[in-house]
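Input: a single structure, listed below in structure tokens.
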Number of protein chains: 2
Amino acid sequence: MVARRGRRNGAEVKLDADNAPTAEMPAVTGAAPDPVRVKAIPEAAVARLAVYLRVLSAMAEQGATTVASEELSAAAGVNSAKLRKDLSYLGSYGTRGVGYEVQVLVGQIERTLGLTRQHKVAVVGIGNLGHALANYGGFPGRGFPVEALFDVDADLIGVPVGGIPVSHLEDIPAVCAERGISIGVIATPPTAAQSVCDRLVAGGVQCILNFAPVVLQVPEQIEVRKVDLAVELQILSFHVARRAEETNSSHPVGNGMVVR
Amino acid sequence: MVARRGRRNGAEVKLDADNAPTAEMPAVTGAAPDPVRVKAIPEAAVARLAVYLRVLSAMAEQGATTVASEELSAAAGVNSAKLRKDLSYLGSYGTRGVGYEVQVLVGQIERTLGLTRQHKVAVVGIGNLGHALANYGGFPGRGFPVEALFDVDADLIGVPVGGIPVSHLEDIPAVCAERGISIGVIATPPTAAQSVCDRLVAGGVQCILNFAPVVLQVPEQIEVRKVDLAVELQILSFHVARRAEETNSSHPVGNGMVVR
DNA sequence: AGCTGTGAATCGTTTCACAGCT
DNA sequence: AGCTGTGAAACGATTCACAGCT
């Protein structure tokens, strides 16, 4: 079966934990009533689960009780094989010949994504973007209440935005710790981002969502996700350029970029 | 290495025989005078090029003239092998034994990403987020000037935001066509997003950056990128949950009551 | 008859490791 | 001696295709 190959000789050995994406390993759990443990879900699948969840919630609201992979996948913009594979990471919650029960799926995805508890959010940098984020007022569906706001601007300190008074950057560690913030959102100018990040970490936040265009340095147990407007636009720009090049496939060179 | 490239990076037709379980034929059949195209840059690499570009620009500002892969990769948060591979897609612009010339690299990346020309942007939905985006005033480094704003709200029509007067959603096609908008940014509530998207497409935009939590349906030549706050937070939530599970690996924690 | 769940094949990305140039 | 450029190996994600359940 899974042949395991040695590695030549190099640094770093990544302890090959056997997580074949589909294997029924005899979990070491004793007589656990609930098969919760098992294999890791691929990162890419996690992102899609969040999308499925939204689509399913919408369907539930419209009274759907069951849904087939074909239908759900179409609504989520993926193909059905991928959808089924993704859902299979959760366990077997579908009914062959029928489909999935919407409510069951919603529950399982919420459990898997850790949405059965709240995650308090702090927003740092109350400029245009931070303001917008703060006013979102408890991001999506209640699970992510914004409970702290920070900025450097003296004129803003104490002013409530979306119901929460703004505190000073220096108080990040204390306030985050005190309020039990678990997610920090950085919406500051790039120059301030790293120091803000350090303070958030000092305050005990576990994850950071970074809107500032900088690569943050964090201790390895902290999870960081980055949303970068400039990068998104530049990727789009690349595609426009590529399309233009393709359409008038007349000037293949001009600048010396050639076949490899 | 005779890999043959399909036309497009994403979609592309399958010309694969969908039968013989183990039979495999030397793919590529009638090779027409297929022009040898420039090797396409992997999608994943494109996103990183944008990051390298920013880092390089910062280095240039501080007077650096050359940089080695080790240094640049560290600053960009990737490893050096990946960096070198990514840069190799642009061509050979480094000097063995020395490194890369910062200015040369900046120029090549800009050219590759299509940043040598401007891409006019329209922002639709002037709520909190749209307002923030509009005020960015010509996104990153001058290459993406915001030149049109739209909303449904009658109170907003005509009011200038960040220097540009807001127009009505209905005028999207006409205004976009007239001003030569190439990128549309959707910052509306989810319910409006698809219709806005259709109008942007009608107005001739080639790419869409979608902040609304919906899966957009677009003609295949339109490139869409999505930025989804809820999804980002839920991914972070997943990691918090997984870490918690790992730390206390024994207790599935009963069954949390929920919130959502 | 229909649809899920999943091994196996395929495809894309990352990493290794070293030849080749400076 | 040092650093790039790159085949090839390893890894990871997606798609195929069908066995197995309802």
Side-chain angles (χ1 to χ4, degrees), chain A residues 1-25 38-48 66-73 78-101 104-105 260, chain B residues 1-6 9-25 27 39-48 66-73 77-101 104-105:
Chain A
M1 235 207 228
V2 177
R4 207 227 205 57
R5 320 207 41 201
R7 159 176 311 254
R8 266 174 215 199
N9 78 352
E12 172 166 66
V13 175
K14 188 170 4 168
L15 192 28
D16 174 348
D18 217 350
N19 34 353
T22 53
E24 53 190 284
M25 48 205 310
V38 210
K39 73 247 172 165
I41 301 178
E43 183 69 25
V46 172
R48 288 188 300 263
T66 64
V67 65
S69 65
E70 203 60 61
E71 189 188 351
L72 178 52
S73 66
V78 304
N79 69 40
S80 66
K82 197 187 301 194
L83 171 82
R84 290 199 303 278
K85 181 70 96 181
D86 287 345
L87 294 184
S88 80
Y89 295 125
L90 309 182
S92 243
Y93 297 104
T95 306
R96 291 169 200 240
V98 180
Y100 301 89
E101 247 182 88
V104 172
L105 227 42
R260 162 142 326 279
Chain B
M1 189 168 184
V2 198
R4 179 203 234 50
R5 294 243 76 251
N9 208 335
E12 164 143 60
V13 202
K14 265 97 211 209
L15 46 75
D16 193 21
D18 47 354
N19 42 18
T22 34
E24 149 93 70
M25 53 205 293
K39 187 173 195 222
I41 302 178
E43 185 69 25
V46 172
R48 287 188 299 262
T66 64
V67 64
S69 65
E70 204 60 60
E71 187 188 352
L72 178 51
S73 66
V78 302
N79 69 40
S80 66
K82 196 188 300 194
L83 171 82
R84 289 199 304 278
K85 180 69 96 179
D86 288 345
L87 294 183
S88 80
Y89 296 125
L90 308 181
S92 242
Y93 296 105
T95 306
R96 290 168 202 238
V98 180
Y100 302 89
E101 246 181 88
V104 172
L105 227 41

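Small disclaimer: the values here were computed from a predicted structure and weren't measured. In what follows, every chain begins at residue 1, and chains take the letters A, B, ... in the order their sequences are listed.
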To the closest 0.5 Å, what do you measure between OG (Ser80(B)) and CG (Leu87(B))?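 It comes to 11.0 Å.
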Supply the atom-to-atom distance Glu70(B) CD to Asn79(B) CG, rounded to the nearest 0.5 angstrom.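 Output value for this atom pair is 8.5 Å.
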Minimum-distance nucleotide to [X] side chain [options: [options]]:
X: Pro42(A); options: dA13(D), dT15(C), dT14(D); answer: dA13(D)
X: Ala81(B); options: dC16(C), dT6(C), dG5(D); answer: dC16(C)
X: Lys85(A); options: dT4(C), dT15(D), dG7(D); answer: dT15(D)
X: Thr95(B); options: dT4(C), dT22(C), dA13(D); answer: dT22(C)
X: Ser69(A); options: dA13(D), dT4(D), dT4(C); answer: dT4(C)
X: Asn79(A); options: dT14(D), dT4(D), dT15(D); answer: dT15(D)
X: Ala44(B); options: dT15(C), dT14(D), dT13(C); answer: dT13(C)

Nearest heavy-atom pair of Val98(A) and Ala68(A): which atoms, and what distance?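 Shortest heavy-atom contact: O-CB, 4.3 Å.
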Given Tyr100(A) and Arg84(A), is the side chain to side chain contact (heavy atoms under 4.5 Å, CB included) satisfied, shown in steps? CA-CA 10 Å; Tyr100(A) 301 89; Arg84(A) 290 199 303 278; 3.8 Å; yes
Looking at the base of dT4(C), is there any donor atom on it, or on the side chain of Arg96(A), that sits under 3.5 Å from an acceptor on the other one?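 Yes, a donor-acceptor pair under 3.5 Å.
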Interatomic distance where [atom1] belongs to [X] and [atom2] belongs to [N] [whole Å]:
X: Arg84(A); N: dT14(D); atom1: CZ; atom2: C1'; result: 13 Å
X: Leu72(B); N: dG2(D); atom1: CG; atom2: P; result: 20 Å
X: Leu83(B); N: dT15(C); atom1: CG; atom2: P; result: 12 Å
X: Tyr93(B); N: dC21(C); atom1: OH; atom2: P; result: 18 Å
X: Tyr89(B); N: dT6(D); atom1: OH; atom2: C1'; result: 10 Å
X: Lys82(A); N: dG7(C); atom1: NZ; atom2: C1'; result: 19 Å
X: Asp86(B); N: dT14(C); atom1: CG; atom2: C1'; result: 10 Å
X: Leu87(B); N: dT4(D); atom1: CG; atom2: C1'; result: 10 Å

Report yes if a side-chain nitrogen or oxygen of Tyr100(A) is closer than 4.0 Å to either non-bridging phosphate oxygen (OP1 or OP2) of dT22(D); otherwise report no.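 No, because none of the side-chain N or O atoms of Tyr100(A) sits under 4.0 Å from OP1 or OP2 of dT22(D).
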Can you work out whether Val98(A) or Ala45(A) has the more 5'-proximal nearest nucleotide on DNA chain D?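 Counting from the 5' end, the first nearest nucleotide belongs to Ala45(A).
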Strand partner of dA17(C), provided both Watson-Crick or wobble distances fall under 3.5 Å: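 Base partner found: dT6(D).
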Watson-Crick or G-U counterpart of dT22(C), or none if no pair lies under 3.5 Å: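 Partner of dT22(C): dA1(D).
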Evaluate Val78(A) against Ser73(A) for side chain to side chain contact (heavy atoms under 4.5 Å, CB included), listing each step before the verdict. CA-CA 5 Å; Val78(A) 304; Ser73(A) 66; 3.9 Å; yes
